[in-house]
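Read the structure below first, then the notes.
Throughout, numbering of the chain's residues begins at 1 and tracks the sequence.
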Amino acid sequence: MRWTVVVPLKPLARAKSRLADTAADGLRPGLALAFAQDTVAAALACAAVRDVAVVTDDALAGRELAALGARVVPDEPGGGLNAALAHGARVVRSWRPDGAVAALNADLPALRSEELGRVLDAAAEFSRAFLPDTAAIGTTLLAAAPGRELLPAFGGDSRARHRASGAVELPVDGVDSVRQDVDTGADLRAALALGVGPRTAAAAARLLIPGQ
């Protein structure tokens with residue numbers, strides 16, 4: 001099974017506010033874009049991924065991610081993360097009615113293509129499945145098989161919400177790069193320890209990060 005991956009990205013000016021203790025206001029938009037670029041590049045390089053659709057209204061992000069090969073979908077509902085993902089899934093299914101769809105966070109700068117492939121291969125065994133984040137509270141990936149609704153419930157304690165919705169929690173080990181999203185300075189340090197993509201590495205080099 002090959003997948004279309006839907007990546008939601010809010011306007012860069014509003015992104016990554018929880019990194020305020022690590023990155024100044026003027027640096028956070030560039031850091032958020034770098035996270036998304038490395039995430040999308042790794043997803044596009046994954047053998048299990050057919051294509052990537054980025055849901056965003058940010059003009060700069062749209063141009064940069066389209067240049068990598070992503071398809072850009074306007075965030076028409078403007079109703080937040082889950083509305084953007086549901087909209088993206090509908091658009092993707094209009095392209096490929098019988099396709100498999102996976103929602104993936106835009107802040108996985110350490111993402112490894114082969115680890116993403118292992119997660120998607122495992123997800124192919126279920127009608128809906130998800131992967132919890134490193135903190136075991138949130139979700140970094142939610143997958144829906146052909147013919148099944150995505151039903152995203154990201155944000156906050158999304159691990160519990162996705163499980164309650166009937167999605168299967170994937171028991172995949174050794175996929176830290178798919179779990180390590182970045183919201184805080186501690187998250188960024190953990191991602192850097194795993195090894196981030198080139199754009200995040202360049203952006204992070206402009207920051208003073210204790211322990212690095």
Side-chain angles (χ1 to χ4, degrees), residues 5-10 12 14-46 49 52 54 61 65 68 81 85 102-120 122-123 129-143 152-163 169-212:
V5 173
V6 180
V7 177
L9 183 62
K10 68 172 63 175
L12 297 175
R14 302 204 314 265
K16 296 300 156 194
S17 59
R18 291 172 62 191
L19 281 173
D21 62 344
T22 302
D25 290 350
L27 294 177
R28 287 200 301 276
L31 201 58
L33 177 58
F35 293 168
Q37 287 173 303
D38 286 333
T39 299
V40 167
L44 286 166
C46 176
V49 173
V52 174
V54 177
L65 297 170
L68 293 176
L81 175 59
L85 285 169
L104 183 70
N105 287 8
D107 58 352
L108 299 169
L111 185 64
R112 303 286 192 272
S113 301
E114 63 276 12
E115 292 185 11
L116 176 59
R118 288 178 55 208
V119 173
L120 291 172
F130 72 96
L131 187 74
D133 62 11
T134 298
I137 297 172
T139 303
T140 57
L141 179 142
L142 174 68
F154 285 81
D157 192 8
S158 62
R159 179 189 186 188
R161 286 198 301 276
H162 283 135
R163 184 188 291 152
E169 182 171 329
L170 293 169
V172 186
D173 296 324
V175 291
D176 292 348
S177 77
V178 196
R179 297 182 188 271
Q180 186 59 66
D181 53 355
V182 176
D183 288 317
T184 67
D187 294 336
L188 180 54
R189 289 189 290 274
L192 289 169
L194 286 175
V196 296
R199 297 164 189 85
T200 300
R206 297 192 290 270
L207 308 176
L208 180 61
I209 302 177
Q212 295 295 324

With no hydrogens and no angle check, is any side-chain donor or acceptor of [X] less than 3.5 Å from a backbone partner on [Y]?
| X | Y | result |
| --- | --- | --- |
| H162 | A153 | yes |
| Q180 | A191 | no |
| T39 | F35 | yes |
| S158 | T139 | yes |

Which residues pass the side-chain contact (heavy atoms from CB on, under 4.5 Å) test with [X], sequence neighbours left out?
| X | result |
| --- | --- |
| E169 | F130, P132, R159, R163 |
| R118 | V172, V175 |
| A42 | L111, S113 |

Supply the atom-to-atom distance [X] [atom1] to [Y] [atom2], rounded to the nearest 0.5 angstrom.
| X | Y | atom1 | atom2 | result |
| --- | --- | --- | --- | --- |
| E115 | L194 | CD | CG | 8.0 Å |
| F154 | L85 | CZ | CG | 6.0 Å |
| T134 | D187 | OG1 | CG | 7.5 Å |
| R206 | L31 | CZ | CG | 8.0 Å |
| L141 | L116 | CG | CG | 6.5 Å |

Which heavy atom of [X] sits nearest to which heavy atom of [Y], and what is that distance?
| X | Y | value |
| --- | --- | --- |
| L9 | A36 | CD2-CB, 4.0 Å |
| A204 | L192 | CB-CD2, 4.1 Å |
| A61 | L33 | CA-CD1, 3.9 Å |
| A123 | A143 | CB-CB, 3.7 Å |

Could you list all the salt bridge (charged side-chain N to carboxylate O under 4.0 Å, His left out) pairs where at least one residue sits in residues 170-182, not counting sequence neighbours? none
Can you name the side-chain hydrogen bond (donor to acceptor under 3.5 Å, both in side chains) partners of R199, sequence neighbours left out? D38
Go through the structure and list residues passing side-chain hydrogen bond (donor to acceptor under 3.5 Å, both in side chains) with D133, not counting sequence neighbours. none
Please name the residue in the list V119, D107, N105 that meets the side-chain contact (heavy atoms from CB on, under 4.5 Å) test with T140. N105
From V178, V49, L104, residue fulfilling side-chain contact (heavy atoms from CB on, under 4.5 Å) relative to L120: V49
